[in-house]
Every structure is written in structure tokens, then in C-alpha cells.
Amino acid sequence: MKLVTAVVKPFKLDDVKAALEAFGVHGMTVSEVQGYGRQKGHTEVYRGAEYQVAFNPKVRIEVVVDDADAEDAVAAVSKAAQTGSIGDGKVWVVPVETLVRVRTGERGSDAL
Amino acid sequence: MKLVTAVVKPFKLDDVKAALEAFGVHGMTVSEVQGYGRQKGHTEVYRGAEYQVAFNPKVRIEVVVDDADAEDAVAAVSKAAQTGSIGDGKVWVVPVETLVRVRTGERGSDAL
Amino acid sequence: MKLVTAVVKPFKLDDVKAALEAFGVHGMTVSEVQGYGRQKGHTEVYRGAEYQVAFNPKVRIEVVVDDADAEDAVAAVSKAAQTGSIGDGKVWVVPVETLVRVRTGERGSDAL
Amino acid sequence: MSHWLSLLPLDDTIPDPIKTAISSASAEGDTAWVLTSAALVLLMTVALAFFYGGMVRAKNVLGMLMQNFYCIAAVSVLWVLFGFSIAFGGSNSVWGGLHFALLHHMDEIIPGGTYTTPTLAFFAFQVTFAIITPALITGSTADRWRFGAFAIFVALWSTLVYDPIAHWVFAPTGWLFKRGAEDFAGGTVVHANAGAAGLAMCLVLGKRIGWPKQAMKPHNVPYVMLGAGLLWFGWFGFNSGSAIAANNLASYAWVNTNTATAAALLGWIIVERIRDGHATTLGAASGAVAGLVAITPAAGFVTPYGSIALGAIAGAVCCLCTVIKTKIGFDDSLDVVAVHLVGGILGALLIGFFGDKATGIGIDGIFKGGGGHLLKLQAEDVGATVGYSFVATLIIGYAMNLVFKHRMPEDQEIAGMDISLHGESAYDMGAGTSGTLVGAHSVSTPAPAPAPAPATSAYSTASPPSAPSITMPSPLTPPATPSEA
Amino acid sequence: MSHWLSLLPLDDTIPDPIKTAISSASAEGDTAWVLTSAALVLLMTVALAFFYGGMVRAKNVLGMLMQNFYCIAAVSVLWVLFGFSIAFGGSNSVWGGLHFALLHHMDEIIPGGTYTTPTLAFFAFQVTFAIITPALITGSTADRWRFGAFAIFVALWSTLVYDPIAHWVFAPTGWLFKRGAEDFAGGTVVHANAGAAGLAMCLVLGKRIGWPKQAMKPHNVPYVMLGAGLLWFGWFGFNSGSAIAANNLASYAWVNTNTATAAALLGWIIVERIRDGHATTLGAASGAVAGLVAITPAAGFVTPYGSIALGAIAGAVCCLCTVIKTKIGFDDSLDVVAVHLVGGILGALLIGFFGDKATGIGIDGIFKGGGGHLLKLQAEDVGATVGYSFVATLIIGYAMNLVFKHRMPEDQEIAGMDISLHGESAYDMGAGTSGTLVGAHSVSTPAPAPAPAPATSAYSTASPPSAPSITMPSPLTPPATPSEA
Amino acid sequence: MSHWLSLLPLDDTIPDPIKTAISSASAEGDTAWVLTSAALVLLMTVALAFFYGGMVRAKNVLGMLMQNFYCIAAVSVLWVLFGFSIAFGGSNSVWGGLHFALLHHMDEIIPGGTYTTPTLAFFAFQVTFAIITPALITGSTADRWRFGAFAIFVALWSTLVYDPIAHWVFAPTGWLFKRGAEDFAGGTVVHANAGAAGLAMCLVLGKRIGWPKQAMKPHNVPYVMLGAGLLWFGWFGFNSGSAIAANNLASYAWVNTNTATAAALLGWIIVERIRDGHATTLGAASGAVAGLVAITPAAGFVTPYGSIALGAIAGAVCCLCTVIKTKIGFDDSLDVVAVHLVGGILGALLIGFFGDKATGIGIDGIFKGGGGHLLKLQAEDVGATVGYSFVATLIIGYAMNLVFKHRMPEDQEIAGMDISLHGESAYDMGAGTSGTLVGAHSVSTPAPAPAPAPATSAYSTASPPSAPSITMPSPLTPPATPSEA
Ligand SMILES: Nc1ncnc2c1ncn2[C@@H]1O[C@H](COP(=O)(O)OP(=O)(O)O)[C@@H](O)[C@H]1O
Ligand SMILES: Nc1ncnc2c1ncn2[C@@H]1O[C@H](COP(=O)(O)OP(=O)(O)O)[C@@H](O)[C@H]1O
Ligand SMILES: Nc1ncnc2c1ncn2[C@@H]1O[C@H](COP(=O)(O)OP(=O)(O)O)[C@@H](O)[C@H]1O
């Protein structure tokens, strides 16, 4: 199995979710993160003290999929999250050795 | 080494922690996440505008363990987090190539 | 490619970022997490009811790097995050099979 | 409340028309203060909502706020309909009848009344007391009461418990008033009464799921402090406004209120420092409220330095009482018993010791050489109000249980009141997981039962439900459809 | 507002110097109440900022707060310069002229005025009304208006729309006042006016990016409740203070305000319960505000039981109106039309039915047998104020668009007003991603255009910009430089 | 404060008993306003707690709130004991003695006093000023002061610094009062005094760890705005209430306060817009407070259009002063010097230019042709209060340091005041990491030293400490033990 992790712009989450559903994936885990990269941050000023904020808000989406589906899932997510402007994010894949559904103890693909 | 990631119901965190401690693991990293899956979400209505919220709050627990302990840790976590109702969550394992304890620079099992 | 994950003290984030930049890495994804380990937590008391809080706030830094850079990145991060006191955190490395830049669809090192 | 009396120095030599005119002129000042005070006391229930709302978990904060706002709304209407009349109408010593129902006859003074303000101003002030009393109960029953059941309970309880007790103690024709019980602003009528009812209802409802083992920490202590601060502010209306005049007695009540509250705050945090190792902000807020409660019955009957002692005792004792519930095992969630029942009783009884007629009203207590008579009167007042409130509330609570459940289903309680009862989330930090708009309700297209399927939406012609596919344009950056009208 | 009149029982037999002295004594009470009320109404705009600020998304909350605070500041200054004079000066029935400009001649009573307080106290009270009216508009235009454009709009709108309308209805020399229109505290002048202007401006500005498909939930419902609670509190000043005296009429207004608000809250949540399946806290807050709006014109002209009906109707109708915008497609973001335009018109017209001269002022409406005359007057008032406001606001809005853009650039709107317009973040929970201090501005070293490069910092001699290397000491635990002075 | 005088038109022909009665009637209105104002000023310290609390980091917000609530409590008690007497008793021009200690002799007017209200009402008003002055200091010393040391400091400082200065300037027998210094509501006594003390204490305490390199942004700007809004509201009591009557002078003070505050808000954000490129909400809040501070001494001595100039100058100058600390290197954390010291001095001196006896009191300043005499008096007042405050505070601060440390240990400061000093967390969003209940404290089972080991818990018979094993039932869904009583 594979764990596909996508770091994308927050307002793209609905599109990514829809893309994954269209592709047949009905589960994911999402968290709020702050991203730093080419996309420039912004400046804040409090009583004349200037702060440089390098981070931009992103959401991090984790989806475990079958080995065979990983490549397509990556493609679907990338496409759905794309706006074409800097800071659209990254998608990466790491190998998963075991997956368990807590409720039933099912393993592997059955746990999806 | 292995990284065991568990996404479970928030109120189960204490039980999972206790289970891991009983098993001899005294470290973990926890984050707030939102989960989407079979468990149905809920509806909210603001001044007549209805929102469908598909996500449920979960906690994400990350534990790095020795290769030999991974399977048992998965079992302990799964058991502790189980309520038997939909949405109990997932546990997955990915391989870890290096682990360092920042304070000392120790590596591998010594870093645990 | 490798995914370097570091869980460190929040006020060390700026130093870690600077260290990675000095090393030539200009991207990362950061999230707020709670850590449990050797570092002791603290006690809270609300109207005489005492709570033991075992967790300490940490930040979790994820950086995808080229295979060749992984070891140096780990060293740079560890060094920058070190204070020498308990709770400095961990750094671990997992293998990454695919990396995509969402904006362009570039893959692998080009996506960095 | 035998203290409404014109204190104007109206010499007998002054001709009557001039007397009348001067009294009227003076009444404008009194009315200004009473209308101000009424607004301040109304604000107290909002403040209470935050004091309590900050103490519950994040998933229940709206449920708590809603219960308190509902109390304001329901009691305001009930008191126009008949509540005020039951409390202040008629000459019967047990209940007031319906003479003032629908606020008829507002050009009359209430039977036995000696205030100088319009009766409508007196109503404005009193309705705010009727509002906050059931609201206080919500602290002991937090996190678990179905809203529908709560709504009915408030209407019943206000009418069957608060209105009669207010008549007994506050109305000049009430039996406890006539015996001479001293309750300046409602230590027994409001606080001990609500505390006893809170105890009864937390027994009726049972414990929250997970209590006491699971962590149930305040989710937002600054809200608690905001609530406490606004309560302190509003309580000047509560106590000083109870003079129903802007005079020396009102000034006494103002100063005593502030002084006792301050002393109680210090008393509470000193006990905490010794017992727990920390003086806490929650303790400071709690001590302040305990002091406000305890000085309420006494505000016009004691001197400022007496208030220091009274407040310090109340702060220390209430602090020590908060841990009893955990030992005995009743889930008085936000300590209504320790703060309002204990505080209210303490305040009422301590008048028996500290009572001092130097304030211009009342009689001397034990320390002033007045003997135990006053203490006996006070004990009687406490016994009657607390006893009646506790028993009547238990009966109402259990009787309602025969018809329908008070408690939410277990899964709803775990999910929290906000989502389960009100279909809302208190906080949304914009992470993108906060939901998708699926429709706008109207009466002709009634809401579907809560279900994940998107309802037919009001603007579905523009974007049919099939739209959410991966090829749809981002709602944030619609390339084809211009976003401006 | 034909209701300012001394109600003192001053018998003709009383010698004049005594009469004067008694009137002055009485005026102190009135002044106390009017100054208190003025402070309460000032607080309402702060409350409104939170009522609205809680409803917008987290990235726009400061933008909303800023617009409201700016209204307080700008109108306060404008009204000293000339606003008060335009509204209350002179004898012209269309505008008031500049007699009171710069607050000269404050020792005179305004033309036709019958109040007993100093004219400066009357100014204090009226300026707060002028402040809140443009502030109400910010609800319909939320999340998208450039601050500079908004700032200019407020100055223009206050002068060209609010000031004349206030003169027509509130000033004794205004043409609608003279025809007999009844608007006790500004149902048409403040609420219907702001509602019509809000409608106009949300048409001028166009929809928010992503509306209505994207989720735009309130980011902090407790702030909404805090705002609603403080509005309720402050509104006693608004309505009861409009008696410009602390008398029976003020007491009527107080009680009617509270009663109608309570009934409207209940009306709104009952409709929600039936239609949506949930009674919501946002609904309770909204219902309360709808009730407050609707009772505003009527507060001194109806009886308390009439207020129950009036409030319940307003709560239910306004609730039903909130979904219209989504169906028709105009982005009145926080429902200024449904609550203030509809509520204000409803209240003004319902006086035609519920009007009751038992309060001591005004004439009877239809239900009291007074016939349709009053309703006709009210309809005329509504037509004139709403019509003028809508058209004049459209003109101002579009005219400004000729000179510069009202809207923020798209990327700024997506990033949010707080960061884009004000260079601030509302919340920072200390996660470490909140930024690095790069300099302290001074006039001699002007700010760089927002750019990631660190500016030359004021203390750069101590820590040169090259410092951030991995060998630099942690700022939190500087080992070499002692951290204490 | 040479301005308390009955302004009733009491003709000599009026018989004495009638005069007395009319005066009493009039005093009710004054008392209504003074009691209201006292409540408003009390609220200001709560508001200040939020103004400051929002500006500190999330880990220190409770520490800040606690310091402010403690000031309310401690000074309230001290002022009943002897503080009021030191400030307003006796005829000595340097200190007031103990005649009014324990609030004895409250039936007397204070020496030289001309107010019409009860002396207790005057006490109520004045105690709130004594409360807020030390509270203002907490802004300059944020995030680092041990609570125990702070608690002792407040008691000493209030008695040794505030009480004497209040006597000199506010008491009719005080030496600065007698020389003719004009300080209507405490520009020097409260603000310049607190500002000078804040400067002294931030020098005594030293810088926060990490300052100025580490980011120390406001954690909750809406709290700052809430605080600023409530301060603005409460300040009407502060300034207008300082007329100690509800008359024309009070109306002047109300209008001047609002006008100067508005102008200062605009002045501050215009400077920001030019210098920093953004007008900020924090700037709007700060500008408003700067304006409130600057108009405080002048509120009854200038005209409304004078207030526009005075406010605009204060807003702009204070804004420019905030960056000085970073350049010079003293950690006045929340800019008490730039806002209160600079603002208070500015306001006091500008009376010398804008002073206008048209308000009914005071003398003309330079712009009104009154020459430099008034300015000299004002400079003398500023010099005496600021000089005494700065030196005396330095002495108190360093003397205390001889006995024990002011600062928290370094690791505690990094962990934050909330956890370290008060054993509390301000926020808990329910993520499950918020802790495990390990016991309920009581006096008989004292708290263990903070240690991870579970204490013997009060309900340990039900669930022994050994329970937390992986087989234990979930506390949330106890299958065996029914969760209801
Ligand atoms: N090396 C990296 N490792 C992990 N996350 C990264 C890395 N580089 C970028 N990111 C994440 O991807 C986001 C977008 O990257 P950025 O360089 O700004 O734009 P783009 O991907 O369009 O070139 C960042 O905000 C960050 O969250
Ligand atoms: N494919 C997936 N990848 C990652 N996380 C998942 C996936 N499917 C489910 N999850 C996580 O597991 C949680 C529970 O899944 P769900 O399908 O609701 O219940 P269950 O696991 O009991 O069948 C989800 O809320 C989500 O956080
Ligand atoms: N086994 C583990 N798996 C994942 N994260 C861990 C593990 N052990 C510790 N951590 C993380 O590392 C942090 C520091 O660990 P701790 O044991 O307290 O100190 P140290 O690493 O200095 O010995 C913890 O707060 C936690 O976030």
C-alpha cells in the first residue's frame, strides 16, 4: 500500500476530495499546516514593529491507497489542486507496510 | 525502525497512551486532524443556509518503534482505540531509515 | 527522495529554517503538535481539581530532499534544534517514492 | 427589601404643590438610576453566559450560551404575561394574583410599595432578577440537557418556584418580608434559590458521561474572566439599584458590593495558594462571584468594613466547598452549589452577625449588640426559600421525566451540544474542513432530515448538484462566470 | 420624536424662581440618564463590530472591526464640525444649516426642542446614532471593501444621506416630523435607512469571490453572542434614552424594548426549529437584533403586550427573509436587508396597527380604533427615507467607482482583509510560524514596500541581518548576552 | 478638580427648607450619574485586562488578566482600610491622614469638597481611579513578573505613590490643587503617574527573554479591540463623571472625551498609513486610548473643537513614540510610556494652550489669550507628579529586589506565566491532549508538589490509580457503570 501526502491550498480541499471520490477513494485525513517555499509570505506591522511572515496556510491531506492506485491518485490530486500559481503545493508518496482498520482489525486493502 | 501512525477518536488518546506505556513505549507525537470516511459527518445551518460537514475530529498519533516492536505496537494501539463503531480510525506503518535524538545526536534504537 | 521529519521545540523553528536555508533547502511544511516523552509535563488545577498534562507543545517540520542530501539535512536540523535539555525532539527519515509539484506537474528533484 | 422610602428632607412647612413638584424632580434621578440598574442586571445574564460558557468544553459553549439567552427571552415574555403580577400583585402573602397581568394597572404603585419611580421602571428592574435566577441553574446542569426539555423547565420553574419566592421575600405583602427577613437584593430569592434548584436538577439529570474521570477543563478562561468582569460591573445595578433610589443607601450598597467582592477574591486565591500551590485566574473569577453572591442579601445592611470580613469568609468557604461534589459524587458541573447556594446562605446568615443599622435601614446584628433575633429571622428565610426551592424543583424535574427525557442521547452528548442540539460549530478557523454549502432553507422547501446527501439547493440552476467533479472550476476563482454582479 | 416634554407637575401657584429651581433639579436626573444612554449607544457600535466580526471568516475579522471603529471616529469628528448642525440646526424643513457648526451656540436649545438637558448632552446622545447608522452597512458589504474607499464613503454618506434624513424625521423642524410620522428612536432614520443603503452598496460592490458556493460560516459564534448581548444592553440607551428624560415614557420604552426583543428571539428560533430542524444560537442572536430593530420606532408608542406581538412578528418574518438573498443572488453578506431594512420597515408600519396613546404620547393605531391615518403617515415616512437612502447611496457608490475601485484585488480578497489591508493577523497561538521581527519603523526610515527582504532594523548594530545562521544563539536562550538590563 | 459646585439656580428669595429640598432632589440626579460612572470606571480595569491580554502571547494571557483583577481586589480593600483617607482626608497639603480610615465619618463632606452626592458615592467613584492606576503599569512589565512580588508591589505602590499624588492634585487641600493646576480627571494623577512608574519598573525588571529579536505579536487582536471599546465606554464615567454632577460640565466632558478620542484614532492610523503602509486595527485601538489619555486632564477645560486638535496631536505623537523603546532598548512591553506617560503629559500641557473658560470652569490658555500662566502651572504639576512617581517607584522596585526576585525563573518565563504561575491554560480546544484528572484537593489532603505521579484521588475507591491499563473501560463510554445517578 502507499501513503499519498498532499500539501495544497486550503480552498482546494473540496476539489481534491471530489476528485478522490470520483476516483473511488472515500477516506482521507486532513490537517492544518503552514508551508514555506517559493511562494512569498507577507508583512505584518504592529505599532511600527515589522514582522516578516514566511509561512502560508496549507492543508495536508493523507490518503492510504492500494499500490496499484497510487499513481492515479497522485495524478487526480495534483490536477484537482492545481491553480497554476506559485504555492500550489506538493504531493509525495511513501510506502506503507501495514494498514489496519481499528474497528474491525481488518488489514491491507480490506481496511480501506 | 518503523513509524506507526494511528488516526483515532480523540477521547481514545488516553487509552492509547496507556496501552503504549504498558507495552513499554514512552514517547509519541500527537496532532489534531480531521477525518473523512465511512463515518457520516453532520449538518450545520446558519440563518437557513445548510452546510454539510463531512469531516470528524480525530487525533493522529505518531510513534517510532524498533522493527521488532512494530507489529505489537500496532496491535496494542488498535485494541486500545477500538470502540466498535464506525470511525474508529486507521493504523498504518511506514519504514524509517534514520532516527536521531536531537538532544544527544544518538541514532536508531538509542534515540528512543 | 527522502522525507525528513523533525519534531522540535517551537521556538527553535526559526533556527531550523535558517539552517535549512543555509544548506540550500528552501521549502518545508510545518504543523503544531503535542509531544509526549521523557520531558515532564505540567500540572494544572481548576477549582481544586488537579490535572496532569503529559504533553508539551512542539512543531513538526517536514522536508522532502534528494537522497544524497538526506543525511546532511538531518545533521543540519539536529544541530539547529539542539538546546541540550530534555525534550529537544526527534528527527527521522522515511523513503519517498514520488514527489510532484502541483503547479507544474514536475516530478522528483525538479519538484523541489 | 423594606427599604424603599423617600429620603427627601421635605419639611412640613413646604406647600403641597411644591412638595409634589420636588418629589417628582427627585424621582427623575431615582428613575435614571433604576433604568440604568435594570440594564446592568440584564447584562449580567449575558455575562453569566460567558462566565459559564468559558468553563465548559469547546463543543458545548453554544449550548450554554443558548440556554442563558433563552432564559432572558422566555422570562421576559412570561413576566409581562403574568410573572410580575404573581410576584408583586395583590395583598395575599403567598402569591400575588393576576392584577398586574399583561402589565395592566401600571399607573398604580404595587401594594405596600414606597418607591418613587414609575412602576414600569420597577418592573424593568425586577424582570431582570427573574431572568437571571433560572439562568444560574445552567451551571450545575451543563453539557447534557436537551434544549426542548430545558425550555419547558424554565417556563415551569420560573412560574412555580421563582415567582412565589420573590413574592414571599421581595413583595411588601409577602409573608417573609412581613416577618422582617432581610434580603437586600436577593441572596435567598435569587442565589440560594438557584443553588438549591441547581442541586436538585443535577441529581435529576445525573452525571455527565465520563465525569469525574475524564478531563473537563475550561475551554476558554478569558471568557470566564470576561464574564466575571461584566458580572461585577452589572452587579452594581443588582445591589445598589435595589435601593430603588439614587441616595445614600444606594451608595452604601455600591461600596459594600465592591468591597466584599474584592475581599472574597483575595480569600479564594489565598486558600488556593495554600492548598493547591497556585493562585489561579479561575479562582480569582470564582472568588469574585462568591463575594458578589454573599454580599447580595447584605449590601444595604452592613458597613464597608463589615463587608471585608463577610467577603473574605465567603471567598474562603466557597473555595473549600468546590471539592465536595467530587468526593460525594454529584456532578454540579460548574459549582452552582458551592458558589450560589453556599454563598447565598452565608450572606443571608452573616447579616445576623454583621447587621448594622448605621446604613439607615435594618436592625443590628449580634456583633452590634442586636442579639440573635435577626439571625433567627435570617435562618427562617433561608430555610423556607431553600427548602421550597429544592423540593419543588425535584418534583418538577422528576415529573417532566415521566413525559420525556431530560438527557440527550449518549452519542449526541459525546459529539457535543453545539453540533447535536443546535447544528452549529462555535469556532471555525478556516482550515477548509468546515463544510460545503448544500442549500438555503425556505418554508416551501423544508429542510431534509440531517443527511449527507446534498439538498436541492436554492441556486441549483446556477450550479447543479452534479457540479462537484474534478473538472469543476474552483469556487474561489471562477474563470468563466464573473464573480461580480 | 415629538415626545420631549417636561412632565413635571408644576402647579401654576408655584412662584417662578422655585419653578426654575425645581426644573433644574429635575433636569439633573434627565441629564444623568441621557449621558448614560449616550455611552450605552456608543457601546452599541463596538458591540456591532463583534456581532458582525464573529460572523465573518477568521481572515476578515479585523477588517470588520476596523470599519466599525472607523465609523465611530470619523462620524464623531464630522458631527462636531457640521453633522449635528445639518441634522438639528435651523428652521428649514429639509436641512439644518450651519448654525451649530463646530458646536457653537451650545447654550441654545435646538429649534423646536423641548428637552430639559443641556444641548451638549443632547448632542452626545445624537452623535452616537449618527455613528451606528453607517456602521450597520458594513454587514452587507463584508469581506471585500478597500479600506480607503470605505473611509471616504462613510464621510460622504453620513453627510449626504444620514444627516438630512435625521433632520427630516428627528428634528422638530423637519418635514416628516411636522407631518406627524412616529419614529421613536430611529426605525426609519437608522435601521431602514442603513438597510436600504446596505442593499445599494452590496449591489455596487458585487458578490464576494466564491459566494454562494463556498462555505462562509461564522468564525466565532461566541463573539456574535457577545455582540448581541452588548447590543441588547446598549439598546436600552438607544430606545429608552430617546425619551430624553428619566420618566414614565422612558420606562415604557425600556420595557417595550426588552419585551419585543425577547418575543422576536423566540419567534426566530421557533421558525428555525420548524424549518431547519434546529433552533440555533446564531438564530437567537439574530432574532434578538431583529426585535430590537423593529421595536425601535415603536418603543414609546405601544404597550408591553403589543410589543410581544410586534416582536414575535418581526422575529419570524426577518428569519424567513434571510434566505431570499441566496435565491435572488445578491450578496448581502450578513443580512442587513433581512434584519435592518425589513425589521425597520416592519416596526414603523406596525405602529400603524399597535399604536396606543396610553403611553402618554402619539396617537392610536388601527387596533385601538384610531383608523388608518397613522399607518398612512408611517408608510409615507418609510417611503421617503428608504427611497432617498437607496437612490442616494447608489449614486454615491457608483460615482465613487468612477474615480477608484471599491473592491480589493482578487488575491488580496482571497488572502483576507486582515493581512492584505491592515498587515495584521487576528490570532496567533504561538506555534512558531508567526513571523520574525525585521525592524522598527520610524519616520526617518520609512517602511519598505511589503517584501520578504529584511529591512534595515533599528537595532541592527546589535544583531546584523546576517545573524540568522545556524550558529547564531537562540533568541530565547541567549547564552552570552545577559537577558536582563 | 476645582470644579465641584452646585450649579442649581437657587434664587435668594426661595425659603431655606425649600432650597434644601430642591438641592436634595437635584442631588439624586447627580448621585445617579456618579454611581453609574463609578461602575463604568470599575469596568475599565476589566477592559484594560483585555486590551493588554490580547496583546501578549497566548501563554501569558491569564497572567495578565490575573494582575489586573488582583489590582481591583487589593486596592478596593486598601482604600476602605486607609487609602481613601490618605488621599482625601485632613487638611494637610501633603497627605490626608487617617480621619476616614475604615470609612468612618462618611456622613461628612471631605475637607473643601463641594459635591452634592453622598460621600460614599464620592468614595465609590474615587476608588475606581485608585484601582486602574497600578493596573496600567502591568502593560510595561508584561510576561515576566512573579505574581507574589507583583502582589506586594501593588499594595506598596498604591499606598506610597498613588495615594499621596491623588491628595496633592485631587483633594481640595492638596498643594498642587491649591496652586491651581488643572487636571480634570487624572491626566497626571493616573496616566502620567502610571506611565512614569511603568518606565521605572521595566527598568527594574529588565527585558523579556528574547526581546526584541523574537516575535512577540498580539495573540488575539479582537480582545484588544474589545478592551479598547470597553475602555472608550467606561471612560465616559472617568471623565464626564469627574464633574461629580449630571450637568452642563459633565456634558462638556462627555463630548470632549468622545471627540478627542475619535481624532486621536484618526491621527494614529494616518501616521501609520504614511509610515508603515497600513492603517492597522491595533493602531486604531491604540490611537483611541492615546486620545482618551490625553483628553483626561482637559475634558472640562477645553471646547469640542479644541478637542479635535488636542486628540489629533496626541494620536500622532504617541504613535511616533512607540518605536523609541526598540531604538533605546528598554522593554516597555505594551507601550505604557508612549501612550500613558507621553499622552498624559501632552494632555496636561496642551490645556495651557487650548484652555477655555467657556466650559464654566478653569482659566483661559495661550490660544484664548490667557497667556503662559496656565501652562506654567501645568508644567509644574507634570514635573511634580512624574518626578515623584518615577523616583519613588524606582526605590520601591529596587528595595523589593533586595528581599526577593521580581523575575520568574528563565524556564518558567519560557513556558509562560499561565502554566508556570497559575497552573492553568487559557485555551483548550478539546484535542484530547489537555490532561488527565488526578485528584481533587482538600485541606486535609494537601496538594503534592507538581509531579507527574497521580495523587491519591478523592474518588480513588471507584477507580484505583492502577486503573489506567489498556483493559480499562473508556471513561467516555463506561459499559459497566451506568453514567447516570
Ligand atoms: N522541500 C519541501 N518539503 C516539504 N514541503 C515542501 C517543500 N517545498 C515546498 N513544500 C510545501 O509546498 C508548498 C508550496 O511550495 P512553493 O515552493 O511555495 O510553491 P510551488 O510548489 O508552487 O513551487 C509550501 O508552502 C510547502 O508547504
Ligand atoms: N484511505 C484513507 N487514508 C487515510 N486516512 C483514512 C482513509 N480512510 C479513512 N481514513 C481515516 O480513518 C478515519 C475513520 O475512517 P472511517 O471510514 O470513517 O471509519 P472506519 O475506519 O471505522 O471504517 C477517517 O476519519 C479518516 O481520518
Ligand atoms: N517514540 C517516539 N515516536 C515519535 N515521537 C516521539 C517518540 N519519542 C519522543 N517523541 C517526540 O519527541 C519529543 C521529545 O522527546 P523526549 O523523550 O521528551 O525528549 P528527548 O528526545 O530529549 O529525550 C516528544 O515530545 C515527542 O514529540
Side-chain angles (χ1 to χ4, degrees), chain D residues 8-11 13-14 18 22 25-26 28-30 32-33 36 57-59 203 206-207 209-210 212-215 217 219-222 225 229 232-233 236 240 246-248 250-252 254-255 258-259 262-263 265-266 275-282 284 304-305 308 320 323 326-327 414, chain F residues 17-18 20-22 24-25 28-29 31-32 35-36 38-39 42-43 46 49-50 53 61-62 65-66 69-70 72-74 76-77 80 102-103 118 120-121 123-124 127 147 223 422-424 426-430 434-437 440-443 446-447 450 458-459 463 475-476 483-485:
Chain D
L8 275 185
L10 286 174
D11 198 286
T13 63
I14 303 177
I18 296 186
I22 293 179
S26 162
E28 304 266 307
D30 296 338
W33 178 234
T36 301
R57 287 161 293 169
K59 64 185 177 182
L203 296 178
K207 307 168 193 175
I209 296 172
K213 290 193 52 192
Q214 193 190 329
K217 286 163 48 177
H219 90 284
N220 193 316
V221 181
M225 303 305 283
W232 195 326
F233 174 60
F236 292 120
S240 180
N247 53 18
N248 198 47
S251 307
Y252 256 114
W254 199 109
V255 173
N258 192 59
T259 307
L265 188 160
L266 297 176
R275 184 188 63 186
D276 307 341
H278 294 295
T280 70
T281 50
L282 179 63
Y305 58 88
I308 296 181
L320 293 170
V323 292
T326 323
K327 297 179 194 273
I414 292 174
Chain F
I18 296 186
T20 311
I22 294 179
S24 293
E28 304 266 307
T31 304
L35 292 180
T36 301
L42 198 283
L43 181 66
V46 176
F50 278 82
V61 56
L62 298 184
L65 293 173
M66 185 68 162
F69 274 73
Y70 171 77
I72 306 180
S76 290
V77 171
V80 169
L102 285 175
L103 298 198
L120 275 166
F123 169 84
V127 70
F147 182 63
Y223 285 174
H422 305 300
E424 297 177 290
Y427 307 105
D428 176 6
M429 283 300 138
S434 58
T436 314
L437 188 66
H441 294 170
S442 63
V443 175
Y459 38 87
S463 70
L476 265 183
S483 65
E484 304 207 0

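By convention in this document, chain letters (A, B, ...) are assigned in the order of the sequence lines, proteins followed by strands, and residues within each chain are numbered from 1.
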Worksheet item: Is it the side chain or the backbone of F/L62 that comes within 4.5 Å of chain D heavy atoms, both, or neither?
Response: both
Worksheet, complete the sentence: Counting heavy-atom pairs under 4.5 angstrom with chain F, the leader among D/A262, D/A215, D/A263 is D/A262
Worksheet, complete the sentence: For D/A58 and F/M429, the nearest pair of non-hydrogen atoms, with its separation, is CB-SD, 4.0 Å
Fill in: Smallest separation among heavy atoms of D/P304 and F/V80, with atom names
CB-CG1, 4.2 Å
Practice prompt. For the pair F/Y427 and D/V221, evaluate side-chain contact (heavy atoms from CB on, under 4.5 Å) and give the outcome as yes or no after the intermediate values.
Written response: CA-CA 7 Å; F/Y427 307 105; D/V221 181; over 6 Å; no
Worksheet entry | Evaluation steps, side-chain contact (heavy atoms from CB on, under 4.5 Å), between D/T281 and F/E424 | CA-CA 8 Å; D/T281 50; F/E424 297 177 290; 2.6 Å; yes
Discussion item. For a quick test of reading the model, state the closest non-hydrogen atom pair linking F/F50 to D/P222 and the distance between them.
Written reply: CZ-O, 3.2 Å
Discussion item. Could you check whether any side-chain heavy atom of D/W232 comes within less than 4.5 Å of a side-chain heavy atom of F/L43, counting everything from C-beta outward?
Written reply: no
Worksheet item: Quick one: CD1 on D/I18 to CD1 on F/I18, what's the gap to the nearest 0.5 Å?
Response: 4.0 Å
Fill in: Engaged part of D/F236 at the chain F interface, taking heavy atoms whose separation is under 4.5 Å
side chain
Practice prompt. With a 4.5 Å cut-off on heavy-atom pairs, point out which of F/F69, F/Y70, F/F147 contacts chain D the most.
Written response: F/F69
Discussion item. Tell me whether F/E28 contacts the main-chain N or O of D/E28 through its side chain, where contact means a donor paired with an acceptor under 3.5 Å.
Written reply: no
Fill in: Part of F/A38 within contact of chain D (heavy atom distance under 4.5 Å)
both
Practice prompt. State the CG-CG distance between F/L65 and D/L282, to the nearest 0.5 angstrom.
Written response: 12.0 Å
Worksheet item: Is there a donor-acceptor pair closer than 3.5 Å between any side-chain N or O of D/H219 and the backbone N or O of F/D428?
Response: no
Discussion item. I'd like to know whether F/F123 forms a side-chain contact (heavy atoms from CB on, under 4.5 Å) with D/V255, so could you lay out the CA-CA distance, the side-chain angles of the two residues, the decisive distance to 0.1 Å, and finally the verdict.
Written reply: CA-CA 8 Å; F/F123 169 84; D/V255 173; 3.5 Å; yes
Worksheet entry | Greatest number of heavy atom pairs closer than 4.5 Å to chain F - which of D/L266, D/D11, D/T36, D/T280 | D/T280
Item to complete: Might you work through the side-chain contact (heavy atoms from CB on, under 4.5 Å) test for F/L103 and D/Y305, ending with a clear yes or no?
Response: CA-CA 7 Å; F/L103 298 198; D/Y305 58 88; 5.9 Å; no
Fill in: chain D contacts, top residue of F/G430, F/A39, F/A21 (heavy-atom pairs, under 4.5 Å)
F/A39
Practice prompt. Check whether F/L42 gets within reach of chain D through its side chain, its backbone, both or neither, counting any heavy atom under 4.5 Å.
Written response: side chain
Fill in: Region of D/S240 that comes under 4.5 Å of a non-hydrogen atom in chain F
side chain
Response to the item:
Here the gap from D/Y252 atom OH to F/L120 atom CG, rounded to the nearest 0.5 Å, amounts to 5.5 Å
Worksheet entry | Any D/N247 side-chain heavy atom under 4.5 Å of F/P118 side chain | no
Worksheet item: So, for F/V127 and D/N258, which heavy atoms are closest and what is the spacing to 0.1 Å?
Response: CG1-ND2, 4.3 Å
Worksheet, complete the sentence: Closest non-hydrogen atoms of F/M66 and D/A284, given as atom of the first, atom of the second and distance, are SD-CB, 3.7 Å
Worksheet item: Which residue out of F/S76, F/P17, F/A426, F/G29 racks up the most heavy-atom pairs below 4.5 Å with chain D?
Response: F/A426
